[in-house]
Amino acid sequence: MKLSLRIWRQSDAQAQGKMVSYEIDEVSEDASFLEMLDVLNERLISEGEDPVAFDHDCREGICGACSLVIDGQPHGPQAATTTCQLHMRKFKDGDSIDIEPWRAGAFPVIKDLVVDRSAFDRIIQAGGYISAPTGTAPDAHAVPIPKQDADAAFSAAACIGCGACVAACPNGSGMLFMGAKVTHLGLMPQGQPERHTRVLGMVAAHDEAGFGGCTNTGECAAACPKEIGLDVIGKLNRDFRKAAIRAA
Amino acid sequence: MAVSGILLVLFLVAHMAGNLHVFEGRASMNEYAHGLRTFGEPLLPHESLLWVLRIGLIAAAAVHIWTAVVLTRRALAARPVRYASKKPAKGESRHAAATMRWGAAVVFLFIIWHLLDLTFRTVNPVKDVPDAYGAVVATFSPERWPVTVFYLLALLALFFHLRHGIWSAVQTIAGPNSKWRKRTQAIGLAVALIVVLGFAIVPLSVTFGLVK
Ligand code: HEM
Ligand code: SF4
Ligand code: FES
């Protein structure tokens with residue numbers, strides 16, 4: 001298939017970027033979206049041009065590195081799918097496709113389609129951990145956990161930290177990501193000692209990094225490749241209220 | 001934002017219900033308006049209740065507007081660059097981003113007009129304050145149809161504002177689970193419909209001659 005691409009090109013963090021058009025032919029329907037970009041980049045390199053920089057690592061939907069806004073939608077048109085798992089059969093011959101980086105003040109562009117997501121790392125450092133004794137791992141059934149909680153924690157733990165929620169949010173808020181972490185750790189007995197400091201620390205780091213405030217539009221959950229739902233934001237709000245009252 | 005919003009919703013529900021006195025005729029409506037002013041007399045001074053309500057309302061509205069400005073400014077700073085490609089919103093409250101902020105501006109302008117119209121009577125033909133009924137009938141009279149149209153447009157903006165605002169406030173304050181979130185969204189929609197239709201029926205009835 002033949003495609004017209006418009007891709008955000010920006011040579012470095014300080015440069016003024018712009019959308020640049022590329023025509024690409026003979027794209028296989030079985031290629032993934034990133035493989036399509038690989039083909040384009042091989043051509044650009046052979047023509048002596050600078051290839052398009054984009055983030056990727058596992059290419060199997062589990063690492064959270066890939067991060068493209070495709071036709072205005074983080075991770076593209078297919079629900080519950082990362083960019084790397086999106087295939088060209090989702091598009092038609094002759095389509096024009098816009099490719100942009102995540103847009104958020106807290107995720108500055110480094111080059112082309114690559115953004116700096118270390119603001120998420122700072123949120124994790126501020127509370128996304130548990131204290132656990134080292135040594136031999138305890139038996140899996142040593143600490144009983146209700147099935148319901150285990151399932152809910154597991155669903156929340158599916159968050160790969162990609163940042164699509166922030167990219168989709170009209171307020172540039174990172175609440176879904178934080179909610180996923182607070183839910184995942186807060187439902188486990190191992191997560192209880194830091195439960196209150198976790199939520200206060202994460203929210204402070206989130207605001208400090210320049211993410212916006214949540215207005216519950218729900219765009220984050222609609223964009224999330226791991227189908228994290230708005231209930232985690234509810235849980236985050238509940239934990240925050242309790243922790244703030246306790247701290248006061 | 002959420003707490004002040006809920007207070008304003010409570011006011012709207014009470015105000016909407018109070019307005020329905022119009023359908024009981026001039027005497028009943030004016031008695032209700034009079035009752036609001038003389039409540040607690042002679043134990044309490046004239047208009048005590050009204051002023052408690054007014055001060056509460058002004059405080060709630062001020063907090064609501066202030067927090068809205070703070071949130072909007074944060075959002076603008078957090079999303080400094082727009083996407084070149086736009087897709088329609090597809091979140092659970094997909095109308096919110098498009099309607100909350102401009103809708104609030106419309107409702108704000110409406111309230112200013114509304115105070116000049118029915119509270120201070122500056123732009124109302126009936127200056128006699130105790131005659132609330134007369135003022136309502138005069139302002140929505142058929143030849144003043146643009147006033148009615150403006151009221152209805154403001155109510156449409158209010159509908160979208162409440163439909164999102166109510167469940168959003170509950171999400172912030174209480175943080176319900178998925179099942180209760182869906183229920184809250186349904187309740188928000190129902191309250192928004194009841195409030196807006198309850199308000200709309202008054203100007204419509206006057207304009208179409210059912211109340212005169
Ligand atoms: C469209 C139907 C409506 C009618 C017929 C109506 C009627 C009235 C009347 C007669 C008064 C004066 C009461 C008095 O001082 O005796 C009043 C006051 C007021 N209304 Fe409305 N109203 C309507 C909708 C609304 C809406 C949608 C809002 C808010 C968004 C609103 C906000 C207010 C406020 C803030 C006051 C001033 C309260 C005070 O005097 O302390 N009204 N309204
Ligand atoms: S919540 Fe979803 S969209 Fe947000 S970082 Fe986690 S996986 Fe990505
Ligand atoms: S490259 Fe790892 S999730 Fe897409």
Side-chain angles (χ1 to χ4, degrees), chain A residues 6-8 17-19 69-74 76-77 79 96-109 152 166-174 179 207 209-223 229-242, chain B residues 1-3 5 64 66-104 160-161 163-185 188:
Chain A
R6 283 204 313 151
I7 304 180
W8 181 260
K18 63 171 193 298
M19 298 296 277
V69 174
I70 301 164
D71 284 339
Q73 304 169 85
S96 37
I97 306 175
D98 286 353
I99 310 173
E100 298 171 76
W102 281 180
R103 291 291 185 204
F107 289 162
V109 173
V166 177
C169 176
N171 303 306
S173 174
D207 293 358
F211 291 103
C214 176
T215 61
N216 299 315
T217 66
E219 292 307 316
C220 50
L230 296 183
D231 50 315
V232 302
I233 296 185
K235 174 123 176 79
L236 175 71
N237 288 334
R238 248 180 296 146
D239 267 21
F240 183 82
R241 189 190 60 220
K242 284 188 203 140
Chain B
M1 187 97 257
V3 175
H64 202 66
W66 172 244
T67 46
V69 168
V70 169
L71 265 177
T72 305
R73 292 188 47 178
R74 271 187 69 182
L76 291 175
R79 274 294 287 280
V81 186
R82 286 164 174 266
Y83 288 111
S85 181
K86 282 238 155 49
K87 262 279 140 50
K90 53 183 181 179
E92 276 180 26
S93 237
R94 65 197 62 176
H95 306 289
T99 58
M100 289 310 273
R101 288 175 188 144
W102 74 256
F160 281 107
H161 204 82
R163 179 196 174 172
H164 173 73
I166 291 172
W167 91 260
S168 180
V170 175
Q171 168 86 344
T172 300
I173 299 170
N177 61 21
S178 300
K179 192 166 81 188
W180 276 99
R181 184 173 78 254
K182 297 286 173 205
R183 287 180 186 164
T184 314
Q185 287 166 345

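Values in this document were obtained by computation on a predicted structure and should not be read as measured data.
Close approach to chain A, defined as a heavy atom under 4.5 Å from one of its heavy atoms, is seen in B:Leu71, B:Arg74, B:Ala75 of residues 67-76 of chain B, taken by number.
Note that CG of A:Asn216 is 6.5 Å distant from CD1 of A:Ile233, once rounded to the nearest 0.5 Å. We find the CZ-OG distance between B:Arg183 and B:Ser178 to be 11.5 Å, quoted to the nearest 0.5 Å. One distance of note links CG of A:Leu236 with CD of B:Gln171; it measures 9.5 Å at 0.5 Å rounding. Taking CG of A:Leu230 as the start and CZ of B:Arg181 as the end, the distance is 4.5 Å to the nearest 0.5 Å. Between atom NZ of residue B:Lys86 and atom CD of residue A:Gln73 there is a gap of 13.0 Å, rounded to the nearest 0.5 Å.
With sequence neighbours left out, the side chain to side chain contact (heavy atoms under 4.5 Å, CB included) criterion links A:Arg6 to A:Met19, A:Ser21, A:Asp98, B:Ala84.
Using a 4.5 Å cut-off between heavy atoms, B:Trp167 contacts chain A through its side chain alone, with no backbone atom that close. For A:Cys220, no part lies under 4.5 angstrom from a heavy atom of chain B. In this structure, chain B has heavy atoms under 4.5 Å from both the backbone and the side chain of A:Arg103.
In terms of non-hydrogen atom pairs under 4.5 Å with chain B, the most contact-rich of A:Val109, A:Ile70, A:Asp207, A:Val166 is A:Asp207. Contact count versus chain B (heavy atoms, under 4.5 Å) is highest, among A:Ala209, A:Ala104, A:Ala223, for A:Ala104. For the options B:His95, B:Met1, B:Glu92, heavy-atom pairs under 4.5 Å to chain A are most numerous at B:Glu92. Ranked by non-hydrogen atom pairs under 4.5 Å with chain B, the options A:Cys214, A:Ala168, A:Cys169, A:Ala106 are led by A:Cys169. Most heavy-atom pairs under 4.5 Å with chain A: of the set B:Ala77, B:Ala97, B:Ala89, this distinction falls to B:Ala89.
Taking a cutoff of 4.0 Å between a charged side-chain nitrogen and a carboxylate oxygen, A:Lys235 and A:Asp239 qualify as a salt bridge. The residues A:Glu100 and B:Arg82 are annotated as not salt-bridged, no charged nitrogen and carboxylate oxygen being separated by less than 4.0 angstrom.
Inter-residue side-chain proximity for A:Trp8 and A:Ile99 is flagged as unmet; no heavy-atom pair is nearer than 4.5 Å.
Considering all non-hydrogen atoms of both residues, A:Thr217 and B:Ala96 come closest at CG2-CB, 4.2 Å.
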